[in-house]
Enquirer: 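I'd like to ask some things about the structure below.
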Amino acid sequence: MPAIDQHLADPLLWPADPEAARAVQERLAGRVRVAPLDLDSVSLVAGLDVTYAPGDAGLVAAVVLLELPSLRVVESHTVTAEPAFPYVPGLFAFRELPPLLRALRRLEAEPDVYVCDGYGLAHPRRFGLACHLGVLLDRPALGVAKSAFVGEAEPPAPARGSAGDLRDGGEVIGRSLRTRDGVKPVYVSVGHRVDLDSACELVLRLSPRYRIPEPIRAADQLSRARLAASGG
DNA sequence: GCGACAG
DNA sequence: ATCTTGTCGC
């Protein structure tokens with residue numbers, strides 16, 4: 001597995017135009033692996049998020065490392081940068097991964113799994129941000145999104161823990177998962193080296209109190225705070 | 001062509 | 001995503 005620095009320096013991975021970016025996704029999508037993840041062996045979880053300044057005048061990428069089962073923060077890092085790729089639905093990774101990878105490079109401990117704010121296989125080319133990160137690092141990764149993007153989501157029962165299929169055509173590409181009683185579900189999909197069951201089980205363990213899993217919440221709050229502190 | 005469209 | 005505080009309800 002190439003180091004993060006090699007990925008960041010590889011021009012073939014970071015095309016400037018959307019057409020070439022889609023081709024990169026199609027090329028890398030074949031590397032995604034779906035497999036059960038033994039949650040008993042998971043003790044360090046990384047949460048990732050990016051916050052943008054109005055008008056795309058800068059961004060802050062944040063990574064927070066939490067330990068299980070306490071959910072306490074053991075590391076947190078931020079990177080400030082200028083957006084280098086526009087927001088194009090379906091091409092998120094080309095906008096968010098470069099600064100996120102630079103933040104991940106600073107981690108002292110290696111996460112057992114990466115939790116991304118967005119989708120994995122629930123993507124037009126089955127290669128969302130969580131797949132992209134997971135494949136580049138060849139590490140377990142999953143995506144948790146706050147809204148649907150592709151496919152049709154079956155509404156879960158009202159109780160926390162209930163889930164419904166997220167389908168595109170006949171294919172199950174993710175799950176709508178209720179993390180709080182009576183509260184709008186989140187949308188979970190596989191990134192790499194996990195399966196839907198282990199991904200959903202982990203998301204529930206990471207969301208004992210709030211709708212959004214703690215690692216993503218923590219990264220979101222950190223990136224917002226860092227952006228506000230840098231003025232704008 | 002039109003609308004919808006992770007953050 | 002961002003522009004945005006308090007308030008109501010569980």
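Note on naming: letters A, B, ... go to the chains in the order of the sequence lines (proteins, then strands), and numbering restarts at 1 for each one. Keep in mind that this is a model prediction, so the values were computed, not measured.
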Enquirer: From CZ of A:F127 over to P of B:dA6, roughly how many Å is that when rounded to an integer?
Expert: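 One finds 19 Å between P of B:dA6 and CZ of A:F127, rounded.
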Enquirer: Need one value for A:A122: base, sugar-phosphate or nothing, where a base atom within 4.0 Å counts as base even if backbone is also close, heavy atoms only.
Expert: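 The answer is nothing, as A:A122 stays clear of every strand by at least 4.0 Å.
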Enquirer: Check this for me: A:E171, atom CD, are more than 12 non-hydrogen atoms of other residues, nucleotides or ligands nearer than 6.0 Å?
Expert: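 Yes - once you tally the heavy atoms of other residues, nucleotides and ligands closer than 6.0 Å, there are more than 12.
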Enquirer: Mind listing the closest non-hydrogen atom pair of A:C131 and A:F127 along with its distance?
Expert: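 Looking at all heavy atoms of both residues, the shortest contact is CB-CD1, 3.6 Å.
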Enquirer: Within a 6.0 Å radius of atom CZ on A:R226, are there more than 12 heavy atoms belonging to other residues, nucleotides or ligands?
Expert: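 Count not over threshold, so no.
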Enquirer: Rounded to whole Å, how long is the line connecting atom CG of A:D117 with atom P of B:dG7?
Expert: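 Result: 6 Å.
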Enquirer: Where each pair must be Watson-Crick or G-U wobble with both distances under 3.5 Å, what dot-bracket representation of DNA chain B is obtained, with crossing pairs in [ ] and other-strand partners as |?
Expert: .......
Enquirer: Quickly work out the A:H123 NE2 to B:dC5 C1' distance and round it to whole Å.
Expert: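 Spelled out: NE2 on A:H123 to C1' on B:dC5 is 11 Å.
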Enquirer: Between C:dC3, B:dA6, B:dG7, which one does the side chain of A:L129 approach most closely?
Expert: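 Among the listed nucleotides, the one closest to the side chain of A:L129 is B:dA6.
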Enquirer: Ring stacking, A:Y87 with base of B:dG7, under 5.5 Å and under 30°?
Expert: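 The base of B:dG7 is stacked with A:Y87 (centres under 5.5 Å, planes under 30°).
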Enquirer: Under 4.0 Å, counting only non-hydrogen atoms across every strand here, what does A:G90 touch: a base, just sugar-phosphate, or nothing?
Expert: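 Base, at least one base heavy atom under 4.0 Å.
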Enquirer: Using a cut-off of 4.0 Å on non-hydrogen atoms, how would the nucleic acid contact of A:L91 be classed: base, sugar-phosphate, or nothing?
Expert: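 Base: the residue A:L91, judged by heavy atoms under 4.0 Å, touches a nucleobase.
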Enquirer: Should A:Y187 be counted as stacked on B:dA6, where stacking needs a ring-centre gap under 5.5 Å and an angle between planes under 30 degrees?
Expert: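 So no, this residue does not stack on that base, at least one cut-off failing.
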Enquirer: For a quick test of reading the model, state the closest non-hydrogen atom pair linking A:R160 to A:T179 and the distance between them.
Expert: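 For A:R160 and A:T179, the tightest heavy-atom pair comes out as NH1-O, 3.1 Å.
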Enquirer: It should be established whether A:K146 places a side-chain nitrogen or oxygen under 4.0 Å from OP1 or OP2 of nucleotide B:dA6.
Expert: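 So the side chain of A:K146 is outside the cut-off, no N or O lying under 4.0 Å from OP1 or OP2 of B:dA6.
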Enquirer: Just how far, in rounded Å, is P of C:dA1 from CD of A:E82?
Expert: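 A:E82 atom CD is separated from C:dA1 atom P by 21 Å.
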Enquirer: Side chain of A:P54, heavy atoms from C-beta onward: which of C:dC3, B:dA6, C:dA1 has the nearest atom to it?
Expert: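 Of all the options, the side chain of A:P54 is nearest to C:dC3.
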Enquirer: Examine B:dC5: is either OP1 or OP2 under 4.0 Å from a nitrogen or oxygen in the side chain of A:S147? Give yes or no.
Expert: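 For A:S147, the contact criterion (side-chain N or O under 4.0 Å from OP1 or OP2 of B:dC5) is not met.
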Enquirer: Donor-acceptor check, side chain of A:R211 to backbone of A:K184, threshold 3.5 angstrom: yes or no?
Expert: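 Yes, the answer is positive, given that a donor and an acceptor are paired below the 3.5 Å cut-off.
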Enquirer: Mind calculating the distance between CZ (A:F85) and P (B:dG7) to the nearest angstrom?
Expert: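 Computing the A:F85:CZ to B:dG7:P distance gives 18 Å.
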Enquirer: Is A:D49 touching bases, backbone alone, or none of the nucleic acid, heavy atoms closer than 4.0 Å?
Expert: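 Answer is sugar-phosphate: A:D49 comes under 4.0 Å of backbone atoms only.
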Enquirer: Rounded to the nearest Å, what distance is computed from the CZ atom of residue A:F149 to the P atom of nucleotide C:dA1?
Expert: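 Atom-to-atom, A:F149 to C:dA1, this comes out as 15 Å.
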Enquirer: Any idea how A:F92 and A:Y87 line up, ring-wise: parallel (<30°), tilted (30 to 60°), or perpendicular (>60°)?
Expert: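 Ring orientation of A:F92 relative to A:Y87: perpendicular.
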Enquirer: Sort out for me which residue in A:L166, A:L177, A:L121, A:V172 forms a side chain to side chain contact (heavy atoms under 4.5 Å, CB included) with A:L196.
Expert: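 Only one of A:L166, A:L177, A:L121, A:V172 forms a side chain to side chain contact (heavy atoms under 4.5 Å, CB included) with A:L196, namely A:V172.
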Enquirer: What is the distance from CZ of A:R95 to P of C:dA1, rounded to the nearest Å?
Expert: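 So the two atoms are 13 Å apart, to the nearest Å.
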Enquirer: Where along nucleotides 4-10 of chain C does protein come under 4.0 Å, by heavy atom, of base (B) or sugar-phosphate alone (S), with - for untouched nucleotides?
Expert: -------
Enquirer: Nearest-Å distance, CZ (A:F94) to C1' (B:dA6)?
Expert: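 So the CZ-C1' distance, A:F94 to B:dA6, works out to 14 Å.
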Enquirer: Where the side chain of A:R33 meets the backbone of A:R193, is there a donor-acceptor pair that is under 3.5 Å apart?
Expert: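 No: the side chain of A:R33 does not pair with the backbone of A:R193.
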Enquirer: Could you tell me whether a side-chain N or O of A:R139 sits under 3.5 Å from a main-chain N or O of A:P111, the two making a donor and an acceptor?
Expert: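 Indeed, once roles are kept as given, a pair shorter than 3.5 Å links the two residues.
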Enquirer: So, for A:S198 and A:L39, which heavy atoms are closest and what is the spacing to 0.1 Å?
Expert: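 Shortest heavy-atom contact: O-CD1, 3.9 Å.
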